[in-house]
Amino acid sequence: MAKKNTADVLINGKIYTISGYESTAYLHRIASYLNEMEEKVSGFEGYRRLGPEEKQLLKNMNLADEYFKADGARADLEREKEQKDKELYSLKHDLIDARLEKEKLLTRIRELEAQLSEAQKRPARPTQPAAGRKIRNPEQKL
């Protein structure tokens with residue numbers, strides 16, 4: 001089991017002792033984020049006139065807004081990843097098909113080269129040029 005860590009952090013001007021299974025650096029990051037959120041919402045017009053519950057509600061709404069935007073971005077990235085995975089799968093199959101076609105073509109090239117080699121090894125039949133041939137029968141056509 002992971003070790004539980006404890007950290008003293010400063011949140012909104014008060015020192016709190018918080019603990020968790022994450023690193024103390026992470027716990028300090030959370031405290032820093034909460035302080036940034038406090039600074040952000042305290043800059044809103046009329047914030048000082050709000051009661052403690054309304055201030056907390058405003059902070060909670062801002063945190064929820066950031067969460068839902070981040071979750072939406074995560075979902076978009078997940079969909080994009082799935083699409084990329086499908087494209088990659090398709091490209092891999094296209095590559096396999098291309099390799100198989102290449103092998104067929106290389107085999108065909110080797111067959112044709114062998115046929116050409118055999119044809120070149122056979123003695124050539126002497127042929128006379130058409131002008132030098134004698135036509136035995138005048139009705140014979142070239």
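Below, each value reflects all heavy atoms present in this structure, side chains not excepted, and no hydrogens, waters or symmetry copies. For clarity, every value in this text was computed on a predicted model and none was experimentally measured.
- Note that CG of Leu100 and CG of Leu105 are 11.0 Å apart. Values are rounded to the nearest 0.5 Å.
- Between the side chain of Ser32 and the backbone N or O of His28, no donor-acceptor pair lies under 3.5 Å.
- A donor-acceptor contact under 3.5 angstrom links the side chains of Gln56 and Asn60, judged on distance only.
- If you take CD on Glu54 and NZ on Lys59, they are separated by 12.0 Å, rounding to the nearest 0.5 Å.
- Shown here is Leu91, whose CG atom has more than 12 heavy atoms of other residues, nucleotides or ligands within 6.0 Å.
- In this structure, the separation between NE2 on His93 and CD1 on Ile96 is 5.5 Å, given to the nearest 0.5 Å.
- A side-chain donor-acceptor contact under 3.5 Å links Asn62 to the backbone of Leu58.
- The NZ atom of Lys121 sits 11.0 Å away from atom CG of Leu116, with the distance rounded to the nearest 0.5 Å.
- Arg74 is listed as a side-chain neighbour of Asp71, based on a closest heavy-atom distance under 4.5 Å.
- At a threshold of 4.5 Å between side-chain heavy atoms, the hydrophobic network of Ile, Leu, Val, Met, Phe, Trp and Tyr places Leu27 and Leu10 in two separate groups.
- Using a 4.5 Å heavy-atom cutoff, the side chains of Leu34 and Tyr16 are not in contact.
- The two atoms that bring Lys55 and Tyr47 nearest to each other are CE-O, 3.3 Å, heavy atoms only.
- Around CZ of Arg48, the count of heavy atoms belonging to other residues, nucleotides or ligands within 6.0 Å does not exceed 12.
- Shortest non-hydrogen contact noted between Ala31 and Val9 is CB-CB, 3.5 Å.
- Contact record, Ser23 with Asn5: CA-ND2, 3.7 Å, taken as the closest heavy-atom pair.
- The side-chain heavy atoms of Glu80 and Leu77, taken from C-beta on, include a pair separated by under 4.5 Å.
- A pairwise comparison of heavy atoms in Asn35 and Ile11 identifies OD1-CA, 3.3 Å as the closest pair.
- Leu57 is not connected to Leu50 by any chain of hydrophobic side-chain contacts under 4.5 Å among Ile, Leu, Val, Met, Phe, Trp and Tyr, and they are in different clusters.
- You'll find the side chain of Leu112 reaches within 4.5 Å of the side chain of Gln115, heavy atoms only.
- A salt bridge between Glu111 and Arg108 is present, with a side-chain N of the basic residue lying under 4.0 Å from a carboxylate O of the acidic one.
- When all heavy atoms of Met37 and Leu63 are compared, the pair lying nearest together is CE-CD2, 3.7 Å.
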task: With side-chain contact (heavy atoms from CB on, under 4.5 Å) as the test, would you mind laying out the steps for Glu82 and Glu78 before giving the verdict?
output: CA-CA 6 Å; Glu82 288 173 8; Glu78 184 65 30; 3.7 Å; yes
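- Contact record, Glu39 with Ser42: O-OG, 3.0 Å, taken as the closest heavy-atom pair.
- The CG atom of Leu88 sits 11.5 Å away from the CD atom of Gln83 when rounded to the nearest 0.5 Å.
- Rounded to the nearest 0.5 angstrom, Arg29 CZ and Glu36 CD are separated by 10.5 Å.
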